K.L.:
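Have a look at this one.
Just so it is clear, the structure is predicted and the values come from calculations on it, not from any experiment. All ligand and atom numbering here is 1-based and tracks the order in the structure.
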Amino acid sequence: MILRSIRFRLTLWYALTLAVVLTASSLFWYIALSSNMLSHIDERLLDVARVIEKEHLSAHADIPNKQACTDLDNYIIGHNWAGYAQVRNNLGNLICTINSIDGIPLPLSTSALLQITKKLPYYEIDYEISTSAVRILSYPITTKDRLVRILQVAEKLDSMEHTLSDLRFIFLMLSPFALLTLTCCGWFLANQALAPVIQITESARQITAENLNARLPIHEPQDELSSLSDTINSMLARLEESFNRVMQFSADASHELRTPLAILKGETEVSLRWAKSEEELRQTLESNLEEINLMSRILEDLLVLAKSEAKDLHLDIEEFSLSDLLQDIYIHAKTLAEPKQHLIHLRLQVDSEIHLWGDQIQLYRMLLNIINNSIKYTRPGGIIELSLQVEKNEVIITVQDSGVGIPKEHLTHIFDRFYRVDAARNREDGGTGLGLSIVKAIIMAHGGTIDVASVVGEGTTFTITLPLNKQNVRPHNSPDIDKPPTND
Ligand code: ADP
């Protein structure tokens, strides 16, 4: 488990990177230092060779070999130089050696001889004549562009090797220690950095359907992790909202379906036990059918509302004639109002035909709901007026009745689901209490508003405002209500 943790992986990567960086930098410093020390030795050897050439050998290039050797000896003693030197003739044969290493002459390799014949100095390292490596400079002595002798000067590299071996030791000993210490620091830092994640995970684990209102703690300072908690919290808020909607839907549905179901059950049981004739059974079945119709209306309306709340209410937005739609509603309303002998008026306070962008079927359904209510809640022989006017970029439709009116304290609630001013009377009228909720959902989906004003005993006026422009209409995405109006 720990091997798969981010902490472990972070620390591992950190340790690997650190190891690579430490090795590379150690190598770099080692190579830089060794080449720097070697180039200092080379410079010294070249200086020595040049002085010997200038002061002792070249001025007397033709002096006898013995004299040349004495001169060289004198120089080395005179300058107290701890190196080694020897002179060879132009063919490479040894003439004399001053300060030889254990009596062994400095070697002259073929490549050195080749370079010397081109009158160029040549550096090489010999590992055989001594226990430590020896740096040898073979230097050509010329007179009038003629190679007369070969001077070889050399120094042991033991002090340089000591320094480098000390350095190697320090690197080899310190690097693992530094690596271990820094890896521990890395592990500690990873722990510190990921501690809030562990806390977020723990808190998130505690959140279930029962405590969806719980939220994750937001850490200071505002960093990536606090914005992660923030994001999860807003996701939880959305989840809680939709969860509550589903719960509300189930609660509403079961509450509203309980009464018709109880009636259905009671009537069926009574008629099964007591019904004597076919006629009595038939009456029970008819009454049952009414309850079944009511239940399916409630369910259908609830589904529409649930979709609308989930911003899933589908609208078929098209341009249509609002004037024609109001004419149709007017004719429909007249037929509906006939039994109660209401007077229906249509007042189009516009100069020309009005075209609107929207879902014609849903807007028809919405207006019919309001007019149906007016017919329902107005005593026989009342007056209902449907009017239209245009203001700026909006159309204003009003439905005014001379009905019973709505008491002030109920006005703010009438658009709530299942809200009825007089529950008993509304049930007799076949109202589900969902009509105005659906009306509001349809208007809001069109980017409009609805207001109500009412005086008890005098009547009620609903004022609907809808945008004339297409861009103000907010269509939803998925398919939904496409059936003609059924309730009220
Ligand atoms: P319902 O199906 O009961 O008619 P609605 O949502 O359509 O449900 O209406 C909610 C309540 O608002 C109704 O129960 C009624 O009491 C009241 N109401 C609606 N329209 C009118 C109106 N025009 N006049 C008086 N009361 C009304």
K.L.:
At their closest point, which heavy atom of A133 faces which heavy atom of E161, and how far apart are they?
P.N.:
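For A133 versus E161, the nearest heavy atoms are CB-OE2, 3.4 Å.
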
K.L.:
Using a distance-only test with no angle check, is there a side-chain donor-acceptor pair under 3.5 angstrom linking E124 and S109?
P.N.:
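E124 vs S109: donor-acceptor pair found between side chains.
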
K.L.:
Quick one: do the T284 and E267 side chains pair a donor with an acceptor below 3.5 Å?
P.N.:
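No, no side-chain donor-acceptor contact under 3.5 Å.
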
K.L.:
Using distance alone, decide if ligand 1 has a nitrogen or oxygen within less than 3.5 Å of any nitrogen or oxygen in G405.
P.N.:
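No.
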
K.L.:
Would you mind reporting whether R135 and L45 have side-chain heavy atoms less than 4.5 Å apart?
P.N.:
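A side-chain contact under 4.5 Å exists here.
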
K.L.:
If we ignore angles and hydrogens, is there a donor and acceptor under 3.5 Å between the side chains of H40 and D42?
P.N.:
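Checked: H40/D42 side chains show no N/O donor-acceptor pair below 3.5 Å.
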
K.L.:
Please indicate whether any nitrogen or oxygen in N373 is less than 3.5 Å from any nitrogen or oxygen in ligand 1.
P.N.:
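Looking only at distances, the answer is yes, because the N/O contact criterion of under 3.5 Å is met.
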
K.L.:
Short list, please: which atoms of ligand 1 are under 4.0 Å from a heavy atom of K376?
P.N.:
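So the answer, numbered in order with elements, is 4 (O).
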
K.L.:
Pull out every atom of ligand 1 sitting under 4.0 Å from any heavy atom of I414, numbered as shown with elements.
P.N.:
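Result: 10 (C), 12 (O).
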
K.L.:
Quick one: look at I406 and ligand 1, take heavy-atom pairs under 4.0 Å, and tell me if it's side chain, backbone, both or neither.
P.N.:
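Under 4.0 Å from ligand 1, I406 contributes side-chain atoms alone.
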
K.L.:
Heavy atom of H410 under 4.0 Å from ligand 1?
P.N.:
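No, H410 has no heavy atom closer than 4.0 Å to ligand 1.
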
K.L.:
Could you walk me through whether E286 and R282 pass salt bridge (charged side-chain N to carboxylate O under 4.0 Å, His left out), step by step?
P.N.:
CA-CA 6 Å; E286 274 170 6; R282 189 183 175 79; 3.7 Å; yes

K.L.:
Ignoring hydrogens, just give me the one of G403, S374, G433, P407 whose non-hydrogen atom is nearest atom 3 (O) of ligand 1.
P.N.:
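The option holding the nearest heavy atom is G433.
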
K.L.:
So which heavy atom on I200 is nearest to which on L225, and how close?
P.N.:
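Between these two residues, the closest heavy atoms are CD1-O, 4.0 Å.
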
K.L.:
Evaluating non-hydrogen atoms only, which member of T378, V421, V399, I370 is closest to atom 17 (C) of ligand 1?
P.N.:
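Nearest heavy atom to atom 17 (C) of ligand 1 lies in V421.
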
K.L.:
Does any N or O of ligand 1 fall below 3.5 Å from an N or O anywhere on S437, backbone included?
P.N.:
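Not met; the criterion fails.
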
K.L.:
Given F462, Y377, F415, F418, identify the one with the heavy atom nearest to atom 4 (O) of ligand 1.
P.N.:
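Comparing heavy atoms across F462, Y377, F415, F418, the nearest one to atom 4 (O) of ligand 1 lies in Y377.
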
K.L.:
Are W187 and F8 side-chain neighbours, meaning at least one heavy-atom pair lies under 4.5 Å?
P.N.:
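W187 vs F8: side chains touch.
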
K.L.:
Within a distance under 4.0 Å of any heavy atom of G435, pick out the atoms of ligand 1 and give their elements.
P.N.:
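Ligand 1 atoms under the 4.0 Å threshold to G435: 5 (P), 6 (O), 7 (O).
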
